[in-house]
Amino acid sequence: MGEKVTFGGIEMANPLIASSSPLTETVGKVYSCREASFGGAILKTAADYQRTGKGYGRKVVFIGEDYYADASYEREILTLEEGVALFQGALSVAGDMAVIPSVSANSMEAEDWVFICRRFEDLGARLIQLDFFYLGTRIAPEDEGFYRRLGEFLAELQGRLHCIVMPKLNFNFDPEKTCKALAAYGIRQVSLLDSIRCVLPARFGLHRDTTSYFGRKQLPLTLTYLRHAVEAGLEVCAGGGVSGAEDVELLLENGAKLVQTASFVLRNGFRYAPTLLHGEPASQGQYAWCTAEGYGGKGCEHCGFCRKAGRAEV
């Protein structure tokens, strides 16, 4: 299970991938992913926009083993120049770990995506994740024509690039229709799955429109999308709901070529990432995902992810 794997013609040391997340938003954390034996890391998403400074920070609420994260677009999405700097820095520390940029735009027009993709392609990116999370909240894919337009958009974008594009699906996209459209228009790689938008009671202090669920409840949905992707002949980088090595095994057994995770490491620290590949805990590297000097210390965002910040009561 920890053996080398080829995805989109790219050889990776093993099938474990760090999701685009707090684990991959700085060069230091990318280095920690390498030390934790990840085969690849999908960088924090970047978009071609200008930050206004009107966004708000990250806040996380735990309820049992599930967690709910809230953050503004400006907190979660890097600008293009930040993303380019991160990619260049990540390449310098990654060793043989694959580094995969993630990009986003707010339309289904190839022109809005090709510029940012080419920036990373020119710097050596061979595989780029297309983050549809925010796009998925702006469109209504109920009509049959949507999936044709999605396929045409992706085919045009892929045709204008030399690198491979890998769309990351979210739960607004019908799994069967989407996977069939990707295959019909020549897309061969897909990333699964993004978080689930949700609303918690006002007492939790989370914004209604920017709160997402992460946890075990995602796994059955991920398996559904995986089944349709495999049936369509797609190579799948699956994720969503991975809580332990048994979930990684389950996704691989059901046809995933790569398995991505973030929440497991966010809960347990980088030290335990190798246990997902049935290895021993790492003896070196950063043990926690956060680089702050303790809760409330230098670099702390007071986001609530640290166990010391406590857990919410239902």
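Everything numeric here is computed off the predicted structure, so don't read it as measured data.
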Inset, instruction - Apply the test salt bridge (charged side-chain N to carboxylate O under 4.0 Å, His left out) to residues Glu25 and Arg58: give CA-CA distance (whole Å), side-chain angles for both, the deciding distance (0.1 Å), then the verdict. - result: CA-CA 13 Å; Glu25 64 186 10; Arg58 180 188 292 143; 3.0 Å; yes

Inset, instruction - Determine yes or no for a side-chain-to-main-chain donor-acceptor pair under 3.5 angstrom, with Glu74 supplying the side chain and Tyr56 the backbone. - result: no

Inset, instruction - Please round to the nearest 0.5 Å and tell me the distance separating atom CG of Leu192 and atom CG of Asn170. - result: 11.0 Å

Inset, instruction - Specify whether Phe132 and Phe153 have parallel, tilted or perpendicular ring planes, treating 30° as the upper limit for parallel and 60° as the lower limit for perpendicular. - result: tilted

Inset, instruction - Take atom CD of Glu246 as the centre, draw a 6.0 Å sphere, and report whether it contains more than 12 heavy atoms from other residues, nucleotides or ligands. - result: yes

Inset, instruction - Would you kindly check if the NZ (Lys) or CZ (Arg) of Arg197 is within the cone defined by 45 degrees around the ring axis of Tyr134 and under 6.0 Å from the six-membered ring centre? - result: yes

Legend entry - Backbone N/O of Ile164 and side chain of Gln189: donor-acceptor pair under 3.5 Å: no

Inset, instruction - Spell out, as yes or no, whether a donor-acceptor pair under 3.5 Å connects the side chain of Arg188 to the backbone of Ala183. - result: yes

Legend entry - Greater than 12 external heavy atoms within 6.0 Å of Lys257's NZ: yes

Inset, instruction - With side chain to side chain contact (heavy atoms under 4.5 Å, CB included) as the test, would you mind laying out the steps for Cys33 and Thr24 before giving the verdict? - result: CA-CA 8 Å; Cys33 290; Thr24 64; 4.2 Å; yes

Legend entry - Side-chain touch Glu301/Arg75, heavy atoms, less than 4.5 angstrom: yes

Inset, instruction - To the nearest 0.5 Å, tell me how far His228 NE2 sits from Lys177 NZ. - result: 11.5 Å

Inset, instruction - Show your working on ring pair (Phe, Tyr, Trp, His ring centres under 6.0 Å) between Phe173 and Tyr225 and close with a plain yes or no. - result: CA-CA 10 Å; Phe173 296 90; Tyr225 279 74; 8.9 Å; no

Legend entry - Sub-4.5 Å side-chain heavy-atom contact between Ile100 and Met12: yes

Legend entry - Thr45 side chain to Ile77 backbone, donor-acceptor under 3.5 Å: no

Legend entry - For Asp70, the option from Lys59, Arg208, His207 that meets side-chain hydrogen bond (donor to acceptor under 3.5 Å, both in side chains): His207

Inset, instruction - Before giving the answer on side chain to side chain contact (heavy atoms under 4.5 Å, CB included), spell out for Tyr272 and Arg267 the whole-Å C-alpha distance, their side-chain angles and the decisive distance to 0.1 Å. - result: CA-CA 10 Å; Tyr272 292 97; Arg267 287 196 303 270; over 6 Å; no

Inset, instruction - Report yes if some heavy atom in the side chain of Ile196 is under 4.5 Å from a heavy atom in the side chain of Phe171; otherwise report no. - result: yes

Inset, instruction - Taking all non-hydrogen atoms of both residues into account, name the closest pair between Ile187 and Pro167 and its distance. - result: CG2-CD, 3.9 Å

Legend entry - Over all atoms of both residues, closest heavy-atom pair of Val103 and Cys117: CG2-SG, 3.8 Å

Legend entry - Heavy atoms of other groups near Glu109 CD, more than 12 under 6.0 Å: no

Legend entry - From Ile128 atom CD1 to Ser102 atom OG, the distance as rounded to the nearest 0.5 Å: 9.5 Å

Legend entry - Residue pair Asp96, Arg34: steps toward the salt bridge (charged side-chain N to carboxylate O under 4.0 Å, His left out) verdict: CA-CA 8 Å; Asp96 63 354; Arg34 170 193 166 183; 5.8 Å; no

Legend entry - Worked verdict on Lys44 versus Glu82 for salt bridge (charged side-chain N to carboxylate O under 4.0 Å, His left out): CA-CA 10 Å; Lys44 194 71 168 172; Glu82 289 170 341; over 6 Å; no

Legend entry - Check against side chain to side chain contact (heavy atoms under 4.5 Å, CB included), Leu23 and Leu266: CA-CA 8 Å; Leu23 300 184; Leu266 291 169; 3.7 Å; yes

Legend entry - Close side-chain approach of Thr222 and Val242, heavy atoms under 4.5 Å: no

Legend entry - Side-chain donor-acceptor pair present, Gln129, Ser191, cut-off under 3.5 Å: yes

Legend entry - Asp48 and Asp112, any side-chain heavy atoms less than 4.5 Å apart: no

Inset, instruction - Quick one: sort the Tyr73 and Tyr49 rings into parallel, tilted or perpendicular, breaks at 30° and 60°. - result: perpendicular

Inset, instruction - Determine whether Glu65 and Lys217 make a side-chain contact, defined as any pair of heavy atoms from C-beta on separated by less than 4.5 Å. - result: no

Inset, instruction - Could you tell me whether the side chain of Ser21 and the main chain of Ser19 form a donor-acceptor pair under 3.5 Å? - result: yes

Inset, instruction - Check whether any side-chain N or O of Gln158 sits under 3.5 Å from a backbone N or O of Cys163 as a donor-acceptor pair, and report yes or no. - result: yes

Inset, instruction - Would you check if the side chain of Glu121 reaches a backbone N or O of His162 as a donor-acceptor pair within less than 3.5 Å? - result: yes

Legend entry - Minimum side-chain heavy-atom gap Phe38-Val265 below 4.5 Å: yes

Inset, instruction - Measure from the side-chain N and O atoms of Trp113 to the backbone N and O of Ser107, and report whether any donor-acceptor pair falls under 3.5 Å. - result: yes

Legend entry - Residue pair Tyr68, Phe214: steps toward the ring pair (Phe, Tyr, Trp, His ring centres under 6.0 Å) verdict: CA-CA 6 Å; Tyr68 302 82; Phe214 298 84; 9.0 Å; no

Inset, instruction - Working to the nearest 0.5 Å, report the span between CD of Gln50 and OG1 of Thr79. - result: 7.0 Å

Legend entry - Side chains of Lys168 and Phe133 in contact at under 4.5 Å (non-hydrogen atoms): no

Legend entry - From Leu226 atom CG to Glu253 atom CD, the distance as rounded to the nearest 0.5 Å: 11.5 Å

Inset, instruction - For the residue pair Asp131 and Ser104, confirm or rule out a side-chain donor-acceptor distance under 3.5 Å. - result: no

Legend entry - Sidechain-backbone polar pair: Thr211 side chain, Val199 backbone, donor-acceptor under 3.5 Å: no

Legend entry - Distance in Å, Glu35 CD paired with Arg271 CZ, rounded so as to fall on 0.5 Å steps: 14.0 Å

Legend entry - Donor-acceptor under 3.5 Å (Tyr147 side chain, Asp174 main chain): yes

Inset, instruction - Before giving the answer on side chain to side chain contact (heavy atoms under 4.5 Å, CB included), spell out for Met108 and Leu150 the whole-Å C-alpha distance, their side-chain angles and the decisive distance to 0.1 Å. - result: CA-CA 7 Å; Met108 278 174 50; Leu150 175 66; 4.0 Å; yes

